[in-house]
Every structure is written in C-alpha cells, then in structure tokens.
Amino acid sequence: MAKLNFGGTEENVVTREEFPLSKAQDVLKNETVAVIGYGVQGPGQALNQKDNGINVIVGQRKNSKTWDKAIADGFVPGETLFEIEEALERGTIICYLLSDAAQIALWPTVKKHLTPGKALYFSHGFGITFNEQTGIVPPADVDVFLVAPKGSGTSLRRMFLQGRGLNSSYAIFQDATGNAFERVIALGIAVGSGYLFETNFKKEVYSDLTGERGTLMGCIQGIFAAQYEVLRANGHTPSEAFNETVEELTQSLMPLVAENGMDWMYANCSTTAQRGALDWWKKFRDATKPVFEDLYKSVATGFESQRSIDSNSQPDYREKLDAELKELRDSELWQAGKTVRSLRPENQAVEA
Ligand SMILES: NC(=O)c1ccc[n+]([C@@H]2O[C@H](COP(=O)([O-])OP(=O)(O)OC[C@H]3O[C@@H](n4cnc5c(N)ncnc54)[C@H](O)[C@@H]3O)[C@@H](O)[C@H]2O)c1
Ligand SMILES: CC(C)(O)[C@@H](O)C(=O)O
Ligand SMILES: [Mg+2]
Ligand SMILES: [Mg+2]
C-alpha cells in the first residue's frame with residue numbers, strides 16, 4: 001500500500017502497479033462474482049470484470065429491459081445470466097448493485113444466500129451506514145466491503161475501454177475470512193479502478209451524498225440557473241447567456257482545471273478575468289458555505305437517505321423522476337444548450 005501526501009496529509013492508496021490485474025485474477029480465481037442489478041453500475045462493473053477474465057455472472061429479473069440489455073452485452077442465459085435467486089445461490093461474492101432503495105426490498109432474499117465465507121460487496125456505504133432505515137444487517141460470518149467508483153458507471157466503462165482507470169474508494173466493514181483486504185482490492189482492480197483510496201462506510205456515504213447534492217450535481221445546476229437568469233433578465237440573448245454560463249466552462253475552462261488546477265486555468269485567462277475571479281470567489285464561498293453546512297447536517301441526520309428511500313420506493317418513482325428531468329431538459333437554459341451543442345463539429349451530423 002502506498003502512502004501518498006495529499007496537501008500535507010498522508011493517506012493509504014492502492015495502485016495498479018502494486019496490485020496488478022494478474023494478482024487480482026489470482027485472488028479471484030476460485031470465486032464466482034455475482035453482479036445483482038444491471039442499471040448504471042451493474043453493466044460497467046460486470047463488463048469490466050468479464051473483459052478482465054474474472055468469473056462473473058449477472059443476476060437480473062427475467063422479462064425485463066435490463067435482462068435483454070445483459071444479453072445484448074454478451075451475458076448468456078443459463079451460463080452467465082441468471083434470475084436473481086439463482087445468481088445469489090451461485091455467487092461467492094455478491095455485488096449488490098440494485099438501487100439503494102431497491103436493496104431494502106430484496107435484502108431478506110440476499111441474506112438467505114449469504115452462507116459463511118461468502119462476501120457481500122457494495123458500491124456505496126448507504127445500506128450499512130443507514131441500517132436503521134434499510135434493515136441491512138449482514139450475518140457475522142461473511143466479509144462485507146465496498147468499492148465505490150467516484151464517477152458514473154458509464155464513465156467507469158468508457159475509461160476502462162480507453163485503458164484508463166476511474167478512481168474508487170474502498171472500505172472494509174467486516175473481515176470474517178481474514179481475506180477481506182485481498183478480496184476487496186482484487187475486485188476494485190477487476191471492476192476498472194485506477195487507484196483505490198481507503199475510507200470507511202460512513203465517510204464514503206456522507207461525502208458521496210454531499211458531493212452529488214453539492215458541487216457535482218445539485219449546486220452546479222443551481223449556480224448555472226442563477227447566473228443564466230440574471231443575464232437573461234438583463235437583456236442578454238439565450239445563446240450569450242448559455243455560452244457565458246455553461247459552454248465555455250465545460251469546453252474550455254474545466255479541461256484546464258482538470259489538467260493542472262484552478263490557478264493554472266486562471267493564469268491562462270486575461271489579467272482582467274483573473275482580477276475579477278480573485279475578488280469574487282471568496283464571496284461565493286461565503287454565500288454558499290451555510291448551504292453546504294445545512295446539506296452536510298441533512299446527510300448526517302439521515303434525512304437525505306430517508307428521503308431517497310421514501311421517494312425511490314414508490315411504484316411510480318421512475319415516471320416522477322422522468323417528469324422532473326424533462327422539466328430541466330425543457331427549460332430555456334438547456335434548450336439553448338441543445339442548439340449550442342449542435343454547433344460543435346462532432347455533432348453537426350447528429351443533432352439538428
Ligand atoms: N449510478 C452510478 O454511476 C453510481 C456510482 C457510484 C455508486 N453507485 C451505487 O451503486 C449502486 C447501484 O446503483 P445504480 O445507479 O447502478 O442503480 P440503478 O438505479 O441503475 O438500479 C440498478 C438495478 O436495480 C434494479 N431494480 C430496481 N428495483 C428493483 C427491485 N425491486 N428488484 C430487483 N431489481 C430492481 C433495476 O432494474 C436496475 O437493474 C447503488 O448503491 C449506488 O449508490 C452508483
Ligand atoms: C456518479 C455519482 C454522482 O458519483 C454517484 O455517487 C451516484 O450516486 O450516481
Ligand atoms: Mg452517489
Ligand atoms: Mg458518487
């Protein structure tokens with residue numbers, strides 16, 4: 001395990017150099033990895049493992065769209081694709097990749113198949129940390145761990161195909177066999193992680209829920225909307241407002257931040273822009289920090305997890321989510337974005 005210095009703090013990180021794929025294959029050679037659920041993470045993790053030569057099977061409900069998708073992806077009914085209960089029976093490592101809310105309903109079935117020595121694998125600390133809400137309490141004689149890719153399952157697969165890995169967190173909740181560390185790291189490498197960062201279940205779920213509600217998804221849409229609305233209210237055209245709010249950020253400036261940090265992006269802008277950004281960033285930090293503090297509290301009290309469970313357990317949750325996504329898609333901001341995106345050379349042929 002490498003100890004790396006992150007801005008003055010040393011942390012444990014496992015790299016592909018010290019734990020190569022050949023070692024992962026060796027650790028997992030007598031295991032059957034059953035991926036239960038084939039939504040977003042399921043396909044990415046199952047396909048990467050399959051391509052990495054791991055004995056992986058998929059458990060999914062027959063006569064569902066995702067069953068058909070698994071077949072289209074190369075999983076074979078009766079060989080590598082099974083009904084959920086059969087996959088649970090066959091698997092020695094159960095990758096529990098149903099949505100966090102759906103994990104609650106299936107838990108009694110999963111638990112029945114967790115015989116001594118098996119491993120229960122999550123990609124989130126949700127079910128275990130909020131066990132008073134989920135009822136997920138594993139038996140003591142199985143390993144319980146997580147590998148949580150820090151990105152969408154779609155990116156996990158894309159980056160794997162590009163020969164790059166996506167960073168993941170890993171954590172061990174229960175080491176019943178004495179082999180939990182080797183097993184979880186082998187799985188982390190097999191699903192396509194580049195680097196594996198050590199954490200625990202609680203820290204993973206608190207940071208993950210904060211991040212996706214915050215800068216990664218919720219906050220970013222909020223500040224886009226706020227700036228766009230101010231520009232529009234002051235007579236700017238939709239294209240000008242969109243370009244100045246989103247397009248320039250994603251196409252020009254964020255790639256520079258990703259490459260070499262914020263100061264380097266600033267350094268590649270005018271001194272006029274630098275002066276303004278340096279004057280204003282702390283005002284934005286101070287204005288939003290109380291919101292982030294509320295958000296973290298809302299995660300830590302279990303409000304956020306309960307809200308996800310309540311809304312995502314309803315029979316019509318998918319229709320309701322789709323309606324909310326449609327509202328976003330149909331907003332002037334993102335409709336303007338559609339036209340701006342269509343102007344990119346790579347989209348000229350596909351988007352009208
Ligand atoms: N989506 C991501 O990219 C991402 C990233 C990191 C971690 N995670 C975590 O990975 C896990 C899986 O998330 P996901 O986004 O892939 O899930 P998802 O919402 O895509 O759902 C996964 C599967 O659950 C199935 N399902 C839903 N209800 C079911 C039920 N009652 N019985 C049987 N199957 C049912 C769906 O058909 C689907 O195949 C979660 O713990 C999530 O927090 C997801
Ligand atoms: C991809 C994300 C946002 O990082 C993940 O946490 C999720 O829940 O989908
Ligand atoms: Mg998440
Ligand atoms: Mg996340």
Side-chain angles (χ1 to χ4, degrees), residues 34-48 58-73 75 81-88 94-110 120-130 133-134 136 144-160 166-171 187-188 191-193 197 199 201 203-221 295 299 304-305 307-309 311-318 320-322 325:
V35 171
I36 308 299
Y38 207 73
V40 183
Q41 277 298 316
Q45 296 197 22
L47 287 170
N48 290 356
V58 170
Q60 196 42 257
R61 287 177 292 195
K62 230 183 200 159
N63 303 323
S64 63
K65 271 198 221 142
T66 42
W67 173 275
D68 296 341
K69 177 170 161 42
I71 294 176
D73 285 350
F75 291 97
L81 174 62
F82 300 93
E83 287 273 11
I84 289 178
E85 278 231 51
E86 185 162 3
L88 287 167
I94 307 301
C95 295
Y96 205 16
L97 297 181
L98 296 187
S99 68
D100 296 299
Q103 288 177 16
I104 298 171
L106 200 76
W107 174 245
T109 311
V110 172
L120 177 62
Y121 164 111
F122 292 90
S123 283
H124 204 4
F126 192 111
I128 294 283
T129 304
F130 297 112
Q133 295 165 353
T134 64
I136 296 180
V144 181
F145 40 64
L146 68 76
V147 172
K150 293 290 116 182
S152 165
T154 307
S155 321
L156 183 74
R157 181 65 180 159
R158 281 187 190 167
M159 289 170 81
F160 175 82
L166 184 69
N167 289 340
S168 298
S169 298
Y170 77 91
L187 285 159
V191 302
S193 309
F197 297 81
T199 187
F201 272 60
K203 286 266 165 34
E204 192 284 331
V205 68
Y206 281 24
S207 59
D208 192 84
L209 294 180
T210 301
E212 66 204 17
R213 282 154 184 71
T215 60
L216 302 178
M217 294 172 69
C219 170
I220 192 90
Q221 166 61 21
L295 165 57
V299 168
E304 293 301 313
S305 46
R307 172 151 169 74
S308 293
I309 291 168
S311 54
N312 297 336
S313 307
Q314 290 170 19
D316 60 346
Y317 82 95
R318 188 48 71 191
K320 285 186 175 149
L321 280 178
D322 286 347
L325 292 176

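Atoms within each ligand, like the ligands themselves, are counted from 1 in listed order.
Considering only non-hydrogen protein atoms, atom 43 (O) of ligand 1 sits nearest to Asp100 OD2, 2.7 Å.
By heavy-atom distance, the residue among Glu212, Arg213, His124 lying nearest atom 7 (C) of ligand 2 is Glu212. For the residues Ser99, Gly39, Gly151, the heavy atom positioned nearest atom 1 (C) of ligand 2 is part of Gly151.
At least one side-chain heavy atom of Gln41 sits under 4.5 Å from a side-chain heavy atom of Pro149. With a 4.5 Å cut-off on side-chain heavy atoms, Phe130 and Ile136 do not count as touching. Within the 4.5 Å cutoff, the side chain of Thr134 has no heavy atoms near those of the Trp107 side chain.
Between Ile84 and ligand 1, not a single N/O pair is under 3.5 Å apart. At under 3.5 Å, not a single nitrogen or oxygen of Tyr317, backbone or side chain, sits near a nitrogen or oxygen of ligand 1. The shortest N or O to N or O distance between Lys150 and ligand 2 is not under 3.5 Å. Between Val40 and ligand 1, at least one pair of N/O atoms sits closer than 3.5 Å. Checked against a 3.5 angstrom limit, the closest N/O atoms of Tyr96 and ligand 1 fall outside it. Between Ser152 and ligand 2, no N or O atom pair is found at a separation short of 3.5 Å. An N or O contact shorter than 3.5 Å links Gln41 to ligand 1 by distance.
The shell of residues lying under 4.0 angstrom from ligand 2, judged by heavy atoms, includes Met217. The closest approach between any non-hydrogen atom of Ser64 and ligand 1 is not below 4.0 Å.
Just one of Leu146, Thr129, Leu209 meets the side chain to side chain contact (heavy atoms under 4.5 Å, CB included) condition when paired with His124; it is Leu209.
Residue Gln103 has at least one heavy-atom neighbour below 4.0 Å for each of these atoms of ligand 1: 41 (O).
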